[in-house]
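Just the heavy atoms: all of them, side chains too, but no hydrogens, waters or symmetry mates, feed the values below. Please read all numbers here as calculations on a predicted model, not as lab measurements.
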There are 2 protein chains.
Amino acid sequence: MSPSKSRTDALMAGDELSSAAQRERRKRIVDATIALASKGGFDAVQMRAVADRADVALGTLYRYFPSKVHLLVSSLAVELERAQEKMDRTTVPGDSSYERVLFVLGRITRGLQRNPHLTEAMTRAFTFADASAGAEIDRVSLLMESMFTKAMSDDAPTEEQKAIARVIGDVWLSNLVAWVTRRATATDVANRLELTVRLLLK
Amino acid sequence: MSPSKSRTDALMAGDELSSAAQRERRKRIVDATIALASKGGFDAVQMRAVADRADVALGTLYRYFPSKVHLLVSSLAVELERAQEKMDRTTVPGDSSYERVLFVLGRITRGLQRNPHLTEAMTRAFTFADASAGAEIDRVSLLMESMFTKAMSDDAPTEEQKAIARVIGDVWLSNLVAWVTRRATATDVANRLELTVRLLLK
DNA sequence: GTCAGAAATAGAACACGTTCTATAAACTTC
DNA sequence: GAAGTTTATAGAACGTGTTCTATTTCTGAC
């Protein structure tokens with residue numbers, strides 16, 4: 001894994017791509033990634049296959065995303081943003097932080113579990129990421145944190161709430177990984193999350 | 001990653017290797033792994049380099065450990081066992097679970113941080129492991145869990161204590177990874193662990 | 001419109017994990 | 001101690017992530 005060039009970093013952020021053609025290329029790449037990951041997981045996201053499917057040259061793929069991990073983590077960010085938007089349009093039920101956080105957790109978790117291969121690909125990329133993908137990782141971490149703090153209260157979160165959200169995020173991810181690697185069942189995951197949130201918020 | 005043969009699985013457990021020569025080979029391999037990982041981290045643990053350094057053929061290396069991830073996670077287990085043994089010979093100070101768990105956490109964390117490359121190699125292998133390394137992963141998870149439950153109390157741990165230990169382990173690992181990938185400083189890690197343990201045990 | 005530089009393309013080339021093949025050495029078992 | 005079996009060895013070969021090269025296409029400034 002080599003250090004990425006600054007130009008490439010600019011491309012990765014994704015929102016301020018010069019031309020429409022470039023924005024479309026980028027979208028085709030992410031779509032191809034998600035499609036391949038959904039079908040066969042991490043191993044099926046092969047850079048040549050992504051390039052083929054997105055109809056770009058291999059070199060172009062690498063110009064947009066400097067590694068497979070960057071590619072998958074960026075796709076994870078895209079997916080989480082979608083989930084967050086959907087959640088923002090929902091009124092989260094529950095009278096306490098405890099109940100609301102559990103609701104959000106359960107919903108996203110079940111959403112991910114509906115697409116095991118995609119989840120496997122993304123969580124493995126996320127946990128395998130090295131320092132060079134720090135920016136993408138931070139982006140995803142922040143998304144996760146705000147997802148849970150929003151569930152706790154509508155106001156700006158306190159430091160303590162942020163800390164709790166981070167802990168929940170850590171446990172959540174670790175349990176997703178356990179599920180993805182067949183070391184835990186969906187029920188195990190649900191139980192452990194419930195227990196964790198209870199310990200932290202009750 | 002292909003499914004491992006049962007014969008190979010038997011070898012991986014490591015304790016009941018037929019001959020002394022085999023036990024020595026295995027030890028040379030683990031030593032070489034730890035040495036290379038200490039020097040250059042995950043990327044430096046190259047299978048050809050391990051084989052060379054351990055003075056075995058590449059094929060032999062694969063007969064003992066069916067993949068790089070198995071190799072590194074097994075080495076992690078070895079290291080954790082050492083840490084656990086050392087800890088067993090120590091009287092853990094502190095009047096509460098909270099204090100004792102923090103002591104143990106701090107000590108192991110600082111130990112790992114003394115060897116950043118090794119820690120990077122092992123945590124990345126651990127989090128990247130797929131289903132085929134389930135046995136090794138479970139072994140390490142159990143080691144971690146018992147490490148923390150022992151700190152909580154001398155008696156057999158309750159289910160609740162086990163759950164707490166697992167949460168702490170999840171947060172611990174996630175923070176180690178953040179540190180290893182330079183997204184968190186040693187101080188960040190210490191603070192977050194302190195906060196987590198406080199939330200869970202106070 | 002033309003030209004310079006940037007971006008995209010096709011494809012070769014390289015690195016490292018993993019597998020395979022052929023041969024030799026080391027063990028069982030009689 | 002000979003035959004047969006398991007284990008180890010050297011090294012080739014293969015797959016996939018990544019990089020490199022040569023060429024073509026696009027874009028923006030004049």
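- Counting any heavy atom pair closer than 4.0 Å across all strands shown, B:Val50 reaches no nucleic acid atom.
- Each of D:dG17, D:dT9, D:dA8 was ranked by its minimum atom distance to the side chain of B:Ala57; first place goes to D:dT9.
- Here C:dG11 presents its P atom at 17 Å from CG of A:Leu61, a figure rounded to the nearest Å.
- For A:Val56, whose side chain is taken as the heavy atoms from C-beta onward, the closest listed nucleotide among D:dT7, C:dT9, D:dG17 is C:dT9.
- A straight line from CG of B:Asp55 to P of D:dT7 spans 20 Å, rounded to a whole angstrom.
- Partners of B:Glu85 by salt bridge (charged side-chain N to carboxylate O under 4.0 Å, His left out), not counting sequence neighbours: none found.
- Of the residues near DNA chain C, B:Phe42 and A:Arg25, the one whose nearest nucleotide (by heavy atom distance) lies more toward the 5' end is A:Arg25.
- Taking atom CD of A:Gln46 as the reference point, atom P of C:dG17 lies 17 Å away to the nearest angstrom.
- C:dA8 atom C1' lies 11 Å from atom CD1 of A:Ile29, rounded to whole Å.
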Can you pull every protein N or O that's under 3.5 Å from an N or O on nucleotides 12-14 of chain C?
from, atom 1, to, atom 2, distance (Å)
C:dA13, N6, A:Arg48, NH2, 3.3

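- In this structure, B:Tyr98 has no ring pair (Phe, Tyr, Trp, His ring centres under 6.0 Å) partners at least two apart in sequence or on a different chain.
- Going from atom OG1 of B:Thr187 over to atom CD of B:Glu194 covers 13.0 Å, rounded to the nearest 0.5 Å.
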Protein-nucleotides 22-27 of chain D N/O pairs under 3.5 Å:
none

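- D:dG15 atom P lies 21 Å from atom NZ of B:Lys68, rounded to whole Å.
- Considering only the side chain of A:Tyr62, D:dG17 comes nearest among C:dT9, D:dA8, D:dG17.
- Counting any heavy atom pair closer than 4.0 Å across all strands shown, B:Asp52 reaches no nucleic acid atom.
- Electrostatic pairing of A:Arg124 and A:Glu120 counts as a salt bridge here, judged by a charged N lying under 4.0 Å from a carboxylate O.
- Rounded to whole Å, atom C1' of D:dG17 lies 15 Å from atom CG of A:Leu36.
- Applying the side chain to side chain contact (heavy atoms under 4.5 Å, CB included) rule to B:Asn115 yields the partners B:Ser38, B:Leu118; only residues at least two apart in sequence or on another chain are considered.
- Screening residues 180-202 of chain B for ring-ring contact (aromatic ring centres under 6.0 Å, His included), with sequence neighbours left out, gives no hits.
- Note: B:Phe128 and A:Phe42 meet the aromatic proximity criterion, with ring centroids under 6.0 Å apart.
- Rounded to whole Å, atom P of D:dG17 lies 16 Å from atom CZ of A:Phe65.
- Between B:Tyr64 and D:dA8, a side-chain N or O to OP1/OP2 separation shorter than 4.0 Å is present.
- For the side chain to side chain contact (heavy atoms under 4.5 Å, CB included) test, residues two or more places apart in sequence or in another chain that qualify with B:Ala51 are B:Val56, B:Leu58, B:Leu61.
- For B:Gln22 and C:dA26, the shortest distance from a side-chain N or O to OP1 or OP2 is not below 4.0 Å.
- Applying the side chain to side chain contact (heavy atoms under 4.5 Å, CB included) test to B:Ala44 and every residue at least two apart in sequence or in another chain returns nothing.
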Would you be so kind as to tabulate the donor-acceptor pairs closer than 3.5 Å made by side chains of residues 172-179 of chain A, with sequence neighbours excluded?
from, atom 1, to, atom 2, distance (Å)
A:Trp172, NE1, A:Thr109, OG1, 2.9
A:Ser174, OG, B:Asp170, OD1, 2.8
A:Ser174, OG, B:Asp170, OD2, 3.2
A:Asn175, ND2, A:Val171, O, 2.9

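- Straight-line distance from the CZ atom of A:Arg63 to the P atom of C:dA10: 15 Å, rounded to whole Å.
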